Colleague: 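I am attaching a structure below and will ask some questions about it afterwards.
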Amino acid sequence: MSVRTAAGPAPHSVADDEQCRVVLTAHPLQRIGAYALAFLGKAASPAALLPGAFERAVEQMTADAVRAALQRDTKADDGFWLKSSLSFFPNSKMNHPSNAKRTDEEIRDAVRQWRRAPEDRPDAACVLCGRQAVGFYGKVDVPLAESDLYRNTTPRGHLGMALCRPCLCGFHALPYGCRLTGGPAIAVHSWDERFLARTLSRQVERNRQLIAIGRADPRGIASREVLALQALRHHEDRMTAGVELLVFSNNNRGQTLEIESMDQPVAEWLRRSSRPPRRTGFPALLRAHATRHQPGIVALARNAFRAPERIAGACARYLTAHLDRGVIREETDALAELCLSFVTEVMLMNQNEVDEITAAGAKVAAWLHAENSAGRLRAFHATLKDPPRMRRWLMRHNIDTLLDPAVESESPLITERQFRLLFDPEVEQAWFHRQVLAVAVVQRLHELGFRPADRAEVAAAMAEEDAEHPEDAEFVKGEE
Ligand SMILES: [Zn+2]
C-alpha cells in the first residue's frame with residue numbers, strides 16, 4: 001500500500017518507511033545501537049529519527065567503514081577504527097584478510113555491497129522487533145555472544161538471525177555507542193531512557209571524532225566500572241533504573257559477553273554523591289576506598305557493581321582507622337554524612353533504627369569525650385573488630401554510668417533496644433549496625449572537637465599515607 005501526500009515528492013510504501021524507522025527492542029545492544037544511529041542522524045531519540053536522517057546516518061557509517069578498510073593494516077597510525085572493527089564485524093568486507101591484495105575500488109565496492117540491504121526479502125519477521133526481515137545475519141554483523149538468543153531464534157538451516165534493516169543498521173552503529181578499547185568493547189546501558197540517551201550522545205560524539213582520525217581515545221580508563229560512575233556524575237536527573245555494563249567481543253578468537261549490574265539505589269546514590277551539593281564528601285569517599293595499589297575510584301566502582309554493602313564498611317574503616325592514636329580526620333563530618341545517607345538510601349535501613357544507633361553513638365562519644373583519655377578511646381577502638389568485646393565494653397560502661405553518683409543518668413549509655421539492634425543474633429543486619437555505630441561515634445567526637453595533644457604529629461604521618469592517586473584527583477576534578 002502506498003501513502004501519498006499532496007505535497008510530498010517520491011511516495012514511500014509503508015513497508016519501505018518501516019525499513020528506515022528505528023524502534024527500541026528488549027535487546028540492550030540493539031538499544032545502544034538504535035540510540036547511536038539516532039545521534040549519528042542528529043536526532044534527539046530513535047523515535048525522532050526521520051527516514052532521510054536515517055539514510056544519512058547509514059551513509060556516514062558506510063563511508064567510515066570504507067575509509068577504515070582502505071587502511072588495510074590495523075597497525076597503521078590511523079588504523080584504530082579498523083582494529084576495533086574486528087571486535088564487532090570479524091571477517092566482514094571491512095577487515096577481510098584478502099583486502100591487502102585488493103585495489104581501493106574493489107574494497108570500496110565490497111564494503112558498500114556488504115552494508116547494502118538486499119532487495120529480496122525472506123519470509124521472516126525480525127527476531128527483535130517483529131517487522132519484515134531483510135535477511136539472516138550472523139557474527140559478521142551482530143555480536144553473537146548472547147548465544148542463547150542466537151540459538152533460540154535461528155531457524156534450522158540458516159546462518160543467522162532474521163533482522164529488519166533498522167535493527168541491522170543499529171548493530172552496525174553499535175561501535176559508535178561503545179567505549180572502544182581495540183579489544184573488548186565496553187557499553188554502558190540502562191533502562192532509564194534519559195540517562196541512556198545522554199550517556200550515548202556523549203559517547204557517539206567522542207567516537208565520531210576518534211573514528212574520523214582513526215586513533216584510540218588518549219584518555220585512559222582506570223577500569224570499565226569507572227565508565228559507569230563517570231556517566232552517573234554527568235547526569236542531572238534522578239535515576240529511574242540501575243546501570244548495566246556490557247563488555248563484549250565478537251572477535252574470531254572468542255566471542256565474549258560479560259554483564260555487570262548496579263541497582264538503581266546505588267546508582268542514584270553515586271550520582272547524587274558525586275555532584276553538588278553533596279559532593280563535598282566525595283574526595284574522602286575515594287580516599288576511603290584507595291589502597292596503595294588501587295585508586296579509590298576503581299574500588300568504589302567495583303563495590304558499587306559487585307558488593308555495595310562494602311561501601312559503608314570502607315567508610316567506617318577509614319573513619320575509625322586512627323582512633324587508637326587519638327586522631328579524628330578533618331573530613332569526618334562530610335564522609336560520615338555521606339555514609340549515613342548510603343545507609344538509608346541504599347541499604348534501606350529503617351530511619352528509626354538509624355536514629356537509635358546514631359543516638360547510641362552520640363552517647364558513647366560524649367562519654368569518651370568527657371573521659372578525655374587516650375586510653376579509653378584506644379580501648380573502644382579495639383572493640384571494633386571484635387563484637388563480643390564491644391558488647392562487654394558497652395555493658396561495662398553502662399553499669400559504670402548507672403552506678404556513678406556523679407552522673408545524673410536516668411538513661412543508660414545504651415538502651416536495651418539499641419543493644420538488640422547491635423548484637424541480637426536474630427537481627428540480621430547487626431554487623432552492619434555496628435559499623436553505623438562506629439561512624440556515629442566518630443562523627444560526634446568530631447563535632448565535639450576531640451583533639452588530643454599529639455594530634456598534629458600523627459595527622460602529618462597520615463597525610464603521607466593518604467597520598468592521592470592521579471585517577472582519583474582526575475575524577476574529582478570532573479574531567480571525563
Ligand atoms: Zn527489527
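For this chain, numbers begin at 1 and follow the sequence in order. Everything quoted here is computed from the prediction, not taken from an experiment. Counting starts at 1 for both ligands and their atoms, in listed order. Hydrogens, waters and symmetry mates play no part in the numbers below; they use all other heavy atoms, side chains included.
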Colleague: One pair to check against side chain to side chain donor-acceptor pair (under 3.5 Å): Asp141 and His172. What are the steps and the verdict?
Modeller: CA-CA 7 Å; Asp141 297 274; His172 291 159; 2.7 Å; yes

Colleague: Does Arg108 come within less than 4.0 Å of Glu105, counting only side-chain N to carboxylate O?
Modeller: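 Counted as a salt bridge, because a side-chain N and a carboxylate O are separated by less than 4.0 Å.
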
Colleague: Could you tell me whether Arg329 sits above the aromatic face of Tyr318, with NZ or CZ closer than 6.0 angstrom to the six-membered ring centre and within 45 degrees of the axis?
Modeller: yes

Colleague: Measuring centre to centre across the rings, with the benzene-like ring taken for any Trp, is Phe475 within less than 6.0 Å of Phe282?
Modeller: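 Yes, ring centres under 6.0 Å apart.
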
Colleague: Backbone N or O of Ile297 within a donor-acceptor pair of the Asp472 side chain at under 3.5 Å?
Modeller: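 Side chain of Asp472 to backbone of Ile297: a pair is present.
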
Colleague: Would Arg208 and Tyr176 count as a cation-pi pair here, with the cationic atom under 6.0 angstrom from the ring centre and within 45° of the axis?
Modeller: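 Checked: cation-pi criterion not met.
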
Colleague: Considering the Zn ion (ligand 1), could you give the total of protein N/O/S atoms lying closer than 2.8 Å?
Modeller: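 Under the 2.8 Å cut-off, the count stands at 4.
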
